[in-house]
Every structure is written in C-alpha cells, then in structure tokens.
Amino acid sequence: MNENKVVSAIRILSAEAVQKAKSGHPGMPMGAAAMAYAVWGREMKHNPADSKWPDRDRFVLSSGHGSMLLYSLLHLFGYGLTIEDLKQFRQFGSLTPGHPEYAHTNGVETSTGPLGMGISNAVGMALAETVMANRFNRRGYNIVDHNTYVILGDGCMMEGLSHEACSLAGTLKLNKLIALYDDNEISIEGSTDIAFREDVPARFRAYGWNVIDVADANQFENVDAAIKLAKLSDKPNLIVCHTLIGYGSPKQGMASAHGEPLGEDNIIALKKKLHWIDKEPMSFAVPEEVYQITAKTAQAGAKAQEKWQKLFEKWSEKYPELRKEWDIWHSEDLPVDLLNDESFWAFEGKAATRNSSGTVINRLATKIPNLIGGSGDLAPSNKTYMKGQGDYSAEDRSGRNLHFGVREHAMACICAGMKLHGGLRPYCGTFFVFSDYMKNAMRVAAIMKLPVTYVLTHDSIGVGEDGPTHQPVEQLAGLRAIPGLVVFRPCDSHEVAAGWYAALTQKRPVALILSRQDCQLNEKSGKDALKGGYIISDSRKKNPDCILIASGSEVELCVAAQTLLKAEGIDARVVSMPSFELFDEQSEEYKQSVLPSKVRARVAVEAGATLGWHKYVGLDGKVLGIDRFGQSAPYKFLFKEYGFTPEHVCELAKETLKK
Ligand SMILES: Cc1ncc(C[n+]2csc(CCOP(=O)(O)OP(=O)(O)O)c2C)c(N)n1
Ligand SMILES: [Mg+2]
C-alpha cells in the first residue's frame with residue numbers, strides 16, 4: 001500500500017474544497033500534507049472513534065488559515081467529517097468553517113486563526129500534561145503520557161506571541177511538545193525575505209529547544225524520522241520542515257497559492273502531476289486504498305485506547321483514592337458546596353479587593369485541588385500566590401503556582417491551552433491595564449466558552465502615582481464588549497468571594513477586576529452579587545426618588561451620597577452592579593425590582609469610561625465616569641479632582657431629579 005496516496009488525497013481534497021468554496025487557503029495544506037501525514041498516520045496516538053480519550057496525543061493546527069488540512073485529515077482518518085462536509089467548506093452552519101472551531105467540529109482541539117495563538121495553546125496543553133502526569137502516574141502506571149503536536153508556519157513564527165510562549169516552553173523543558181515548522185518561506189505579501197530574515201533555528205536553540213532540520217519535508221518519511229528523534233528529547237522540539245507552498249500545482253512555491261483558489265486548470269494539472277484517479281477539478285474522488293490505510297491507523301488507535309483503558313482500570317483498583325481525585329479533576333462541578341460554606345464568604349473589615357482575592361484564592365487552594373495559576377511576574381501585586389502549594393518548574397511539576405514571566409499574551413493563551421487539555425482549572429493575573437496585551441486570548445477563550453479566570457488588579461485611577469500608562473480607563477468598556485466574557489468588578493470582600501464563585505461555576509471565561517486601594521466591607525453585600533446587580537442599600541420607598549448605580553470601589557461612594565441625599569429629604573437607592581453580563585441575564589421581573597422603569601432619575605458611577613452605562617441610566621440619567629486618561633498623583637487626590645466625591649454624586653442626583 002502506498003501511503004503517499006494519502007498525502008496526495010490531503011493535497012487534492014484541500015485544493016478542491018477551496019475551489020468549490022471560491023474562498024480559502026489551498027497552499028498551506030498542500031505544502032504541509034506530508035508533515036501532517038507523518039504525524040497523523042505514523043506517529044500520533046489517536047483514536048478517531050473517541051476524540052475525547054484523555055490520554056490521546058493532542059494536535060494543534062496553529063496555521064489556522066490552513067483549516068482544510070485539518071478537515072481533510074479529519075475526513076480521511078474517520079473523525080466523522082464527510083465528503084459532503086468538505087463540499088460545504090466555509091458555508092453557513094457547516095462543520096467546516098473558515099478557521100477551525102473548537103467544540104464545533106469533532107477532533108478540533110482549539111480554535112485557531114489568530115497567528116501565534118495555536119502554538120501558545122499547545123504550550124499550555126503540554127504544560128498541563130506534565131502536571132497531570134506528575135499527579136496521577138505511579139510506577140508501572142503511566143496513565144498520563146502523551147505528546148502535543150503543532151504545525152505552525154512563518155506567520156506564527158513572526159508573531160510576538162509565539163516568542164513569548166516558546167521562550168517559556170524552553171525554560172520549562174516541555175519536552176513532549178513537538179512543533180513542526182512549515183518553513184515555506186512564503187507569507188501573504190510574498191517571500192518572507194521582505195520582513196523576516198532571522199535565524200529561527202538559532203533562536204529556538206537559544207530558548208532551550210531541540211531543533212531538527214528536515215531538508216525535504218515534502219516526503220513524509222523524512223518528517224517521520226525527525227519526529228522519532230524528537231520523541232527522545234529532553235527539550236521541547238522544533239522540527240524545521242522545508243516545504244513548498246501549493247506543492248504539486250503550477251502555483252507551487254508562489255505567494256499566490258496562499259489565499260485564493262488555485263483555479264480549475266491548476267487543479268487538473270495537480271491531479272495529473274500526482275497521477276490521481278481522475279482529472280475532474282472538483283470530483284472529491286478518493287481511491288479506496290487511501291481509506292484502507294487510514295482505517296489501519298484508526299484500528300491501531302482503538303487498540304491503543306483499549307490497552308490504556310485496561311491499565312486505567314487496574315490503576316483505579318490499585319489506587320482508589322487517586323481515582324476519586326481523577327474524577328474530581330475531570331468534573332466541571334465543584335467538589336465542595338462553596339455556596340453554603342459560610343467560612344468561604346466570611347470577611348472582616350475593609351480591604352483592597354485584590355487582597356480579598358488573595359485570601360479567596362488561598363481558601364480555594366485546599367478545597368479545589370486542580371486550581372492552578374499565577375501571574376505575569378506580578379504575583380506580589382496581583383495576590384495570585386497560593387501559599388504552601390509549591391512553584392511549578394522544569395524541576396518540579398507538582399507546584400501549583402505558575403510563573404509566566406512578563407508574557408501576558410502567552411500567559412492567557414497557555415491558560416486556555418491548559419483548560420482545553422482537561423483536568424485543570426487555570427487562572428492568571430496581571431495589572432488590569434495590561435489586559436490589553438491579553439485581549440485577543442480572552443476574546444478567543446470567550447468564543448470557545450472556556451472557563452479561564454483572569455485576575456486583573458489595579459483597576460482604575462486608584463493606581464495613583466504610576467500615572468496614565470498604568471491607570472485603566474477604557475478597559476472595562478472594552479472587555480464588556482466581548483460577547484461571552486463575564487466581567488466582574490466587586491465592591492468589597494464579599495463580592496470578591498461571589499466573583500470567584502462565578503469564575504468557578506460559569507461555563508465561560510470570567511475577568512475579575514480588582515482594586516489596589518481599600519474598599520469598605522458592606523454588610524449587605526454577598527451572594528446577591530451572583531445576579532450581577534442588586535440593591536445593596538435600599539430606599540425607604542418601593543419606587544425611590546432616584547437610583548445610584550456603581551461597581552467596585554465606587555459603590556461605597558454612592559452609599560455615602562445616599563446618606564447626604566437623605567439629609568436633604570431625597571430617598572435614594574444604591575445598586576451594586578459588579579457584572580453587566582450576569583445582571584442582563586436575570587429575569588425581567590428581577591431587573592424591574594432592582595431598576596424600576598418608573599424611576600428615571602439615575603446616576604451611574606464608575607472610575608472608567610462612561611461608554612456602556614447609558615443602558616442603565618437612560619436618557620434622563622447621568623454617568624459619572626472618566627473619559628480621559630488619568631494623571632500621576634496620589635489616588636485620593638485624583639478621585640477628588642475627577643469629581644468622585646459623595647457631594648458631587650449628590651449634585652448629579654439632584655440634577656437628574658430636576659428633569
Ligand atoms: C495575528 C494574525 N495576523 C494576521 C493574520 C492574517 N494572516 C493569515 S495567514 C497570514 C500569513 C501567514 O503566513 P504563513 O504562516 O507563512 O502561511 P503560508 O502563507 O505559508 O500559508 C496572515 C498575515 C492572522 N490570521 N493572524
Ligand atoms: Mg509560509
């Protein structure tokens with residue numbers, strides 16, 4: 001049997017699907033087909049009948065634009081994608097969207113497309129593997145023992161994100177990471193020579209990677225031999241694969257093969273060159289022999305899983321306690337009833353919400369064994385450290401505190417990768433203003449509905465002296481605009497506990513926005529915060545004269561303003577609104593009970609951009625926010641200077657009452 005026919009099938013199906021869609025990227029799949037076959041057909045441990053087998057090797061197509069490569073593989077190896085699905089490439093509602101989408105197409109391990117992200121997710125997956133292996137493997141029972149394969153191209157290599165992630169992977173000696181670089185020296189604008197001349201292998205060696213060169217990676221045997229070497233390495237592996245974009249077509253080696261259909265004539269020429277069974281440009285014909293070969297791989301994969309299952313059962317018998325823990329780690333449900341655990345919700349006195357978050361993380365550390373996380377070199381400021389839980393490193397895989405270094409974008413992608421791997425509950429922290437460095441990763445985590453927690457501290461001009469570069473202004477509005485991301489800005493310690501509870505129970509990412517400065521503890525705050533918005537200090541009347549709405553550190557300001565208003569005979573209600581998203585999802589009835597439509601005199605107060613608050617205050621209301629950059633000064637001075645005083649809130653409330 002001729003395995004090269006599988007390689008040809010990948011090339012041809014990919015070209016045909018792009019041609020049929022009149023849209024997409026044929027060149028990459030054609031150039032990387034041999035690399036991909038070496039992985040999928042020769043080296044990767046996978047069972048197409050069970051894409052969720054916990055000990056499968058992971059595969060990430062970091063060059064997400066080459067999605068047809070992945071779809072051709074998923075079809076040929078029997079993951080359930082049909083020829084009909086391939087014919088629907090890039091069409092509305094199909095299983096073959098433009099870029100691979102996690103939880104949409106069976107066998108897709110992560111959503112890719114933003115270059116540099118897949119390789120960074122893969123670093124997270126490889127990291128997770130070491131954590132799980134360290135925790136659960138016992139002598140003779142390697143129940144966690146798998147590789148993470150990645151195919152990435154010049155685009156991923158140029159993107160700064162991959163530099164961050166790969167540098168960390170080298171430091172952490174993630175040797176089960178096997179990255180295959182599709183080094184075709186072409187990207188959209190032409191030869192990579194116009195913008196990218198560095199010595200990539202030298203850079204990766206400097207990171208601490210094992211680098212293997214494959215001079216002709218258009219032949220799968222050459223790539224296979226390199227993967228075999230990589231498996232012996234004690235460092236992460238980069239297999240530099242010299243390939244030809246658009247291999248086999250008249251456009252081979254040309255940038256024009258990157259992102260447009262080849263044209264029917266060129267597909268006919270491709271089929272001739274590869275001695276294909278037909279010469280029709282869009283027949284999607286695959287010889288039976290190809291399926292016979294891939295079926296063998298599938299059978300071997302099923303056998304491998306059966307063998308693993310037996311080992312897993314023996315291990316479960318021998319280590320029942322460990323098995324219980326395994327089930328806990330793999331469950332989306334919390335292992336303890338945090339909601340009714342009063343010790344979880346108990347706090348005293350005022351505290352910066354970042355400090356309360358540190359307290360909560362440490363309360364959780366003993367209750368949630370698979371909680372793992374860290375900061376981008378700001379743990380002492382972000383309060384992300386779990387005391388007594390060790391530091392994860394190349395030398396110690398048992399530590400639960402991760403040190404990401406100053407690499408925010410990679411940090412967020414690595415956390416996504418850890419979550420995608422399964423078994424872990426990752427979190428990561430930095431200054432809120434630097435969430436901009438992580439934003440695309442947060443966005444894609446939201447697309448994937450991944451419950452990753454972001455601990456973002458120093459949340460406003462409350463930063464003070466560090467000045468405008470460090471004082472977030474528009475970040476709240478920016479993150480709130482991301483569909484599916486829960487943004488939670490607690491006003492005190494009780495609400496911090498609620499924020500963490502939400503983070504651990506929501507089936508989507510949650511960003512906790514935390515203060516540097518102290519916040520008063522409110523007696524009424526607490527679990528109601530899980531509704532996103534609630535009455536924290538009520539009016540006397542059911543329909544108050546006016547409503548003051550705030551989040552975070554500005555809630556206590558509104559409570560103080562309420563007292564001033566009362567002295568003037570004005571009956572105000574204070575609503576704490578830690579999360580727009582959670583509040584908006586409540587019933588109409590509940591929302592009306594908090595913000596009755598009748599009451600149009602409303603003031604929203606938040607030390608950030610006003611954008612977004614108008615939906616709660618309406619045309620008659622007012623928003624006290626900050627629509628400018630901050631300044632370097634002690635924070636108390638700045639709050640006063642920018643009008644964040646009870647007196648000013650009071651004035652604004654009275655103005656709304658005049659309308
Ligand atoms: C972060 C990011 N920037 C830009 C793009 C748009 N884009 C898609 S593919 C590509 C070029 C990628 O070059 P390469 O990885 O060499 O792919 P090849 O041309 O070899 O298929 C670009 C710029 C993107 N997907 N992600
Ligand atoms: Mg390229």
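Ligands are counted one by one from 1 in listed order, and the atoms in each one are counted from 1 as well. These numbers come from a predicted model, not from an experiment.
For the Mg ion (ligand 2), the set of protein N/O/S atoms nearer than 2.8 Å consists of D154 OD2, N184 OD1, I186 O, ordered by chain and number.
Using cut-offs of 30° and 60° for the angle between ring planes, the F77 and H46 rings count as tilted. Taking the six-membered ring where the residue is Trp, Y207 and F204 present perpendicular rings, their angle passing 60° and hence far from 30°.
Ring centroids of F59 and Y149 are separated by 6.0 Å or more, keeping the two rings apart. No close placement of the H470 and H458 rings is indicated, their centers lying 6.0 Å or farther apart. Remark: aromatic rings of Y79 and W40 are close, center separation under 6.0 Å. For an aromatic pair to be called close, the ring centres must be under 6.0 Å apart, and H421 with H146 satisfies this.
Contact check for Y454 versus C415: no side-chain heavy atoms found under the 4.5 Å cut-off.
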Output, or 'none' if empty, a list of ligand 1-protein atom pairs in which both atoms are N or O and the distance is under 3.5 Å, rounded to 0.1 Å.
{"unit_1": "ligand 1", "atom_1": "15 (O)", "unit_2": "D154", "atom_2": "N", "d": "3.3"}
{"unit_1": "ligand 1", "atom_1": "15 (O)", "unit_2": "G155", "atom_2": "N", "d": "2.8"}
{"unit_1": "ligand 1", "atom_1": "16 (O)", "unit_2": "D154", "atom_2": "N", "d": "3.3"}
{"unit_1": "ligand 1", "atom_1": "16 (O)", "unit_2": "D154", "atom_2": "OD2", "d": "3.1"}
{"unit_1": "ligand 1", "atom_1": "16 (O)", "unit_2": "I186", "atom_2": "O", "d": "2.8"}
{"unit_1": "ligand 1", "atom_1": "17 (O)", "unit_2": "H65", "atom_2": "NE2", "d": "3.1"}
{"unit_1": "ligand 1", "atom_1": "19 (O)", "unit_2": "I186", "atom_2": "O", "d": "3.3"}
{"unit_1": "ligand 1", "atom_1": "19 (O)", "unit_2": "H258", "atom_2": "ND1", "d": "2.6"}
{"unit_1": "ligand 1", "atom_1": "20 (O)", "unit_2": "N184", "atom_2": "OD1", "d": "3.1"}
{"unit_1": "ligand 1", "atom_1": "20 (O)", "unit_2": "N184", "atom_2": "ND2", "d": "2.6"}
{"unit_1": "ligand 1", "atom_1": "20 (O)", "unit_2": "I186", "atom_2": "O", "d": "3.1"}
{"unit_1": "ligand 1", "atom_1": "21 (O)", "unit_2": "H65", "atom_2": "NE2", "d": "2.9"}
{"unit_1": "ligand 1", "atom_1": "21 (O)", "unit_2": "H258", "atom_2": "ND1", "d": "3.3"}
{"unit_1": "ligand 1", "atom_1": "25 (N)", "unit_2": "G113", "atom_2": "O", "d": "2.8"}
{"unit_1": "ligand 1", "atom_1": "26 (N)", "unit_2": "L115", "atom_2": "N", "d": "3.0"}

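Distance alone, capped at 3.5 Å, is enough to place a donor-acceptor pair between the T96 side chain and the D85 backbone.
Taking the charged nitrogens against the carboxylate oxygens, K52 and E109 have no contact shorter than 4.0 Å, which rules out a salt bridge.
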